[in-house]
Amino acid sequence: MLVDESKGTRVLSEAWPTPTDGYNIGYAGCIGPASIKSVLEKVPEAGDGREVWVDMESSLRSSKNGTDVFDLDKCYECIGAVCSAEQFVHPEYLH
């Protein structure tokens, strides 16, 4: 189940609903490099012990040379934020 509490408004949610019984849950809505660390401090508790994930593709895109691209620099920013939040250990090969 994927929940976007922003309803497409590009405003970061302040509430992260608990999943319905029998479902794992993903969260979306203005999650990106600037907000991923704070989001990851909140969603595991909201997930109530179940697997959670975040959807943030649109915030990982940039316009480069007039072309819409998936921006790996933004991905690396997110990896750094996740690791600094101690959600995962930074992969050695990315140092």
Side-chain angles (χ1 to χ4, degrees):
M1 178 183 302
L2 180 65
V3 177
D4 181 352
E5 287 298 298
S6 77
K7 311 287 190 273
T9 62
R10 297 189 179 263
V11 175
L12 186 63
S13 179
E14 293 185 23
W16 306 99
T18 300
T20 304
D21 287 341
Y23 289 93
N24 291 325
I25 193 166
Y27 298 98
C30 203
I31 302 170
S35 62
I36 187 64
K37 187 175 179 180
S38 67
V39 168
L40 290 177
E41 291 170 353
K42 298 171 186 162
V43 296
E45 183 178 331
D48 197 27
R50 288 176 250 170
E51 185 176 313
V52 297
W53 70 93
V54 294
D55 176 307
M56 60 178 142
E57 184 191 347
S58 61
S59 67
L60 298 177
R61 302 193 73 78
S62 294
S63 180
K64 294 192 177 188
N65 299 319
T67 303
D68 178 50
V69 297
F70 189 74
D71 191 333
L72 292 179
D73 292 330
K74 289 183 177 182
C75 292
Y76 290 128
E77 284 181 57
C78 289
I79 291 168
V82 169
C83 293
S84 71
E86 298 182 356
Q87 295 289 325
F88 293 97
V89 176
H90 201 276
E92 194 62 39
Y93 59 87
L94 291 177
H95 286 262

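Not measured: the values here are computed from a predicted model.
Rounded to the nearest 0.5 angstrom, D21 CG and R50 CZ are separated by 5.5 Å. We find the SG-CG distance between C78 and L72 to be 11.5 Å, quoted to the nearest 0.5 Å. For the atom pair CD of E14 and NZ of K42, the computed distance is 7.5 Å after rounding to the nearest 0.5 Å.
Taking 4.5 Å as the limit, every side-chain heavy atom of V43 sits out of range of all side-chain heavy atoms of I25. By the 4.5 Å heavy-atom criterion applied to side chains, S59 and K74 are not counted as neighbours. The shortest side-chain heavy-atom distance between P19 and Y27 falls under the 4.5 Å cut-off. Contact check for P33 versus L60: side-chain heavy atoms found under the 4.5 Å cut-off.
Within 6.0 Å of OH on Y23 lie no more than 12 heavy atoms contributed by other residues, nucleotides or ligands.
F70 and W53 fall into different hydrophobic clusters, where Ile, Leu, Val, Met, Phe, Trp and Tyr side chains are chained together by heavy-atom contacts under 4.5 Å. L2 and V11 fall into different hydrophobic clusters, where Ile, Leu, Val, Met, Phe, Trp and Tyr residues are linked whenever their side-chain heavy atoms come under 4.5 Å apart, directly or through other members. Under the 4.5 Å side-chain contact rule for hydrophobic residues, I79 and V69 do not share a cluster. A continuous path of ILVMFWY side-chain contacts below 4.5 Å connects Y76 to V54, so both sit in one hydrophobic cluster.
Of the residues I36, L40, D55, the one that meets the side-chain contact (heavy atoms from CB on, under 4.5 Å) test with I31 is I36.
With hydrogens and angles disregarded, a donor-acceptor distance shorter than 3.5 Å links the side chain of D71 to the backbone of D73. Using modelled atom types, one side-chain atom of T18 and one backbone atom of A46 make a donor-acceptor pair closer than 3.5 Å.
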Trace of the salt bridge (Lys or Arg N to Asp or Glu O under 4.0 Å) decision for E41 with K37 = CA-CA 6 Å; E41 291 170 353; K37 187 175 179 180; 5.1 Å; no
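S84 and A81 make their closest contact through OG-O, 3.0 Å (heavy atoms, listed as atom of the first residue, atom of the second, distance).
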